[in-house]
Amino acid sequence: MKKPLIGVLPLYDEEKDSYWMLPGYMKGVEEAGGIPFMLPLTTDPETIVAIAETFDGFLFTGGHDVSPEIYGEKVEPVCGARCEERDVMEKLLFNRAIEQDKPAFGICRGLQLFNALLGGTLYQDLPALRLSGVRIGHKQTPPYTIPVHDVHIEKGNVLYEIVQAESLKVNSYHHQGIKKLSGQLMAAAVAEDGLIEAVVMPDKSFVLAVQWHPEFNYNIDDSSFRLFKAFVQACRPEQ
């Protein structure tokens, strides 16, 4: 069976002016049966169209905050570093993937990006909030392999089909999150404080994003590896 080619969105270091990648994104895809490629950081529409046509699916990685301009808000002082090139590239590529109904898997920033691009909004800084009167940690310290809080999995969506559980213990390293959910997305998992921790796009073959970080513990946590396996399986080209 032919292995699917997976485009992995690059991370960017402003201080070093360099692209970089966490091994877990690549190894998670590879060990799940796909062939990962780190994409160039580009805003050229022609190049992005070619990328969209070349790869079988796309992994939208973590990293920079999504620019509030995307969801119609002003940048608050609590908002973190942003990368305009990532915002532009990922918007064009995500829209193209959706048009072609190619699988898209988002992690952390990926979840926030999907929601913002589809008309939802974000909390620019969770520590400034108290959600549902419950305080849980969303930004843990190393090691990032350790689960720190629970999420409730909603039944009747692809995430539940993948993990086959009504709750999971997950790691957590983010300071932003979904405020208003896009009308095109469905909440697939929710934390104890009410924050949406996973989303799916019901009318597409595979559009799934999680707020936690399976790339850190895919090799020791079965539910994390199942996410990569399901994504890669969805990307397999028709034989």
As an exercise, state the distance from [atom1] of [X] to [atom2] of [Y], rounded to the nearest 0.5 Å.
{"X": "N115", "Y": "Q184", "atom1": "CG", "atom2": "CD", "answer": "10.5 Å"}
{"X": "I70", "Y": "L122", "atom1": "CD1", "atom2": "CG", "answer": "9.0 Å"}
{"X": "I35", "Y": "K2", "atom1": "CD1", "atom2": "NZ", "answer": "8.5 Å"}
{"X": "L92", "Y": "I48", "atom1": "CG", "atom2": "CD1", "answer": "4.5 Å"}
{"X": "R236", "Y": "D56", "atom1": "CZ", "atom2": "CG", "answer": "10.0 Å"}
{"X": "I6", "Y": "F58", "atom1": "CD1", "atom2": "CZ", "answer": "8.5 Å"}

Within the side chain of [X], is there an N or O that forms a donor-acceptor pair under 3.5 Å with the backbone of [Y]?
{"X": "Y25", "Y": "G62", "value": "yes"}
{"X": "K102", "Y": "A52", "value": "yes"}
{"X": "D221", "Y": "N217", "value": "no"}

Let me have the donor-acceptor pairs involving side chains of residues 155-162, under 3.5 Å, with sequence neighbours excluded, atom names and distances please.
| unit_1 | atom_1 | unit_2 | atom_2 | d |
| --- | --- | --- | --- | --- |
| K155 | NZ | E166 | OE2 | 3.1 |
| N157 | OD1 | L159 | N | 2.8 |
| N157 | OD1 | Y160 | N | 3.3 |
| N157 | ND2 | E154 | O | 2.5 |

Query raised in the report: Would you call K229 and E31 a salt bridge, using N to O less than 4.0 angstrom?
Result: no
Report task. Give a yes or no on whether a salt bridge exists between D87 and R109, defined as a side-chain N under 4.0 angstrom from a carboxylate O. Result -> yes
Report summary line: Scanning both residues in full, the closest heavy-atom pair of D44 with T47 reads OD2-OG1, 2.6 Å
Requested in this report: Of all the heavy-atom pairs spanning I153 and A165, show the shortest one and how long it is.
Outcome: CB-O, 3.3 Å
Do [X] and [Y] come within less than 4.5 Å of each other through their side chains, counting heavy atoms only?
{"X": "M201", "Y": "S182", "answer": "no"}
{"X": "I146", "Y": "N171", "answer": "no"}
{"X": "C108", "Y": "Q211", "answer": "yes"}
{"X": "L208", "Y": "V199", "answer": "no"}
{"X": "V232", "Y": "F105", "answer": "no"}
{"X": "F225", "Y": "P214", "answer": "no"}
{"X": "Y71", "Y": "L117", "answer": "no"}

Query raised in the report: Hey, do the aromatic rings of F114 and F94 have their centres closer than 6.0 Å?
Result: yes
Requested in this report: Measure centre to centre between the rings of H174 and H213, then say whether the value is under 6.0 Å.
Outcome: no
Query raised in the report: Any link between L195 and V151 through a network of hydrophobic side chains (Ile, Leu, Val, Met, Phe, Trp, Tyr) touching at under 4.5 Å?
Result: no
**Report entry** Between S167 and D150: side-chain donor-acceptor atoms closer than 3.5 Å
**Finding:** no
Report task. Go through the side-chain N and O atoms of T43 and R86 and say whether any donor and acceptor fall under 3.5 Å apart. Result -> no
Requested in this report: Take F55 and F37, measure what ring pair (Phe, Tyr, Trp, His ring centres under 6.0 Å) needs, and give me the verdict at the end.
Outcome: CA-CA 9 Å; F55 292 92; F37 290 83; 5.6 Å; yes
Report task. Evaluate the ring planes of H149 and H138, with Trp represented by its six-membered ring, and classify them as parallel (under 30°), tilted (30 to 60°) or perpendicular (over 60°). Result -> perpendicular
Report summary line: Residue pairs passing the salt bridge (Lys or Arg N to Asp or Glu O under 4.0 Å) test with at least one member in residues 57-74, sequence neighbours excluded, are E73-K179
Query raised in the report: Does the side-chain contact (heavy atoms from CB on, under 4.5 Å) test come out yes or no for F228 and E215, once each step is laid out?
Result: CA-CA 9 Å; F228 281 102; E215 78 277 13; 4.3 Å; yes
Requested in this report: Mind jotting down which residue pairs meet the side-chain hydrogen bond (donor to acceptor under 3.5 Å, both in side chains) criterion with at least one end in residues 3-15? Sequence neighbours excluded, please.
Outcome: Y12-D17, E14-H64
